[in-house]
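Just follow the structure's listing: the first ligand is 1, and inside any ligand the first atom is 1. The basis for the numbers below is simple: all heavy atoms, side chains too, and nothing from hydrogens, waters or symmetry mates. Index from 1, following the sequence.
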Amino acid sequence: MQNLIVANWKMNPVSLEEAKNIFEQIKSGTEGANAEVVICPPFVYLAELKGLTLGAQDIFYEEKGAFTGEVSGEMLKNLGVEYVIIGHSERRKYFSETDEIINEKMKKALESGLKVIFCIGETSGERDAGKKNEVLERQIKKGLAGVENLENINVAYEPVWAIGTGNNCSVEETKESIDFIKKFLALSHVEGVDTRILYGGSVKSENSGEYIKDAKANGLLVGGASLNAEEFVKIIKSAE
Ligand code: 13P
């Protein structure tokens, strides 16, 4: 199983020209790389970027119809998109996505034949209150309710306090959380499925390798640093 390195561009960059530029540089820098690389640009660029595996940053839980502004799993699949990010903390925070909504999106994504990058993670308040594992357990249980096959699921552990802050989670703490998530998944789901667990939160080339080698993450979910092609290529190489 290859490590999975995902670029979450969030709401960046502001022009297609710039998006193509970063994309092409990543493409040429990762030729022959021994890792699975996925780029998740904003929806509007998905049809324009070719030659690397694409992921969407969101999905709606209905297939089609009167849902102004939304994009369905069918649409993404028909466009050749392979992955979708679900449960990102920014969607939980700014768009009030609950575990129940996330679960609806999860089921629809799998039904549409998409692979999922399922984000979970505690806030600093929850961490300080000693509730980290409880939060992770709840997010997994509710997010994956009714999902029996984990084959197309990748879990991204993204502590909310580590996102975009430069305050990345220590390797020791990340390893503890990854071990906890692995054990919990094995307990509550079919055995034998090797679900990849990714780390995300202020990943850069100086710390990326440690998460793979020492924290035993099976990949990385990279925000800010993935918009710098040279830096992102270094991160990919560190995960080979
Ligand atoms: P940063 O890498 O910018 O901290 O963002 C992480 C993230 O939210 C990826 O989904």
Going by heavy-atom distance to atom 8 (O) of ligand 1, choose the closest among K204, Q57, H88. H88

With a 4.0 Å cut-off on heavy atoms, does A225 reach ligand 1? no

Any N/O of V222 closer than 3.5 Å to an N/O of ligand 1? no

Please check if atom CD in E151 has more than 12 non-hydrogen atoms from other residues, nucleotides or ligands closer than 6.0 Å. no

What I want to know is whether G164 and ligand 1 share at least one N or O pair that is separated by under 3.5 angstrom. yes

Which one holds for N8 and ligand 1: side chain close, backbone close, both close, or neither close, with close meaning a heavy atom under 4.0 Å? side chain

of all protein heavy atoms, closest to atom 3 (O) of ligand 1 is G224 N, 2.8 Å

Which atoms of ligand 1 have any heavy atom of S202 under 4.0 Å away? 1 (P), 2 (O), 4 (O)

Nearest non-hydrogen protein atom, atom 2 (O) of ligand 1: G223 N, 2.9 Å

With the threshold set at 4.0 Å, does a side-chain nitrogen-carboxylate oxygen contact exist between K131 and E122? no

Under 3.5 Å side-chain donor-acceptor pair for S205 and E231: yes

Any side-chain donor-acceptor pair under 3.5 Å between H88 and E158? yes

Please check if any side-chain donor atom of E111 sits under 3.5 Å from a side-chain acceptor atom of Y61, or the reverse. no

Test your reading of the structure: does E90 have an N or O sitting under 3.5 Å from an N or O of ligand 1? no

Report yes if some N/O of G200 lies less than 3.5 Å from some N/O of ligand 1; otherwise report no. no

When distances are taken from atom 7 (C) of ligand 1, the protein heavy atom at minimum range is E158 OE2, 3.0 Å

Looking at K108 and E74, is any side-chain nitrogen of the basic one under 4.0 Å from a carboxylate oxygen of the acidic one? no

Looking at K237 and E240, does any basic side-chain N land under 4.0 Å from a carboxylate oxygen? no

Do the side-chain N and O atoms of N34 and Q2 include a donor-acceptor pair separated by under 3.5 angstrom? yes

Test item, K10 contacting ligand 1 (heavy atom, 4.0 angstrom): yes

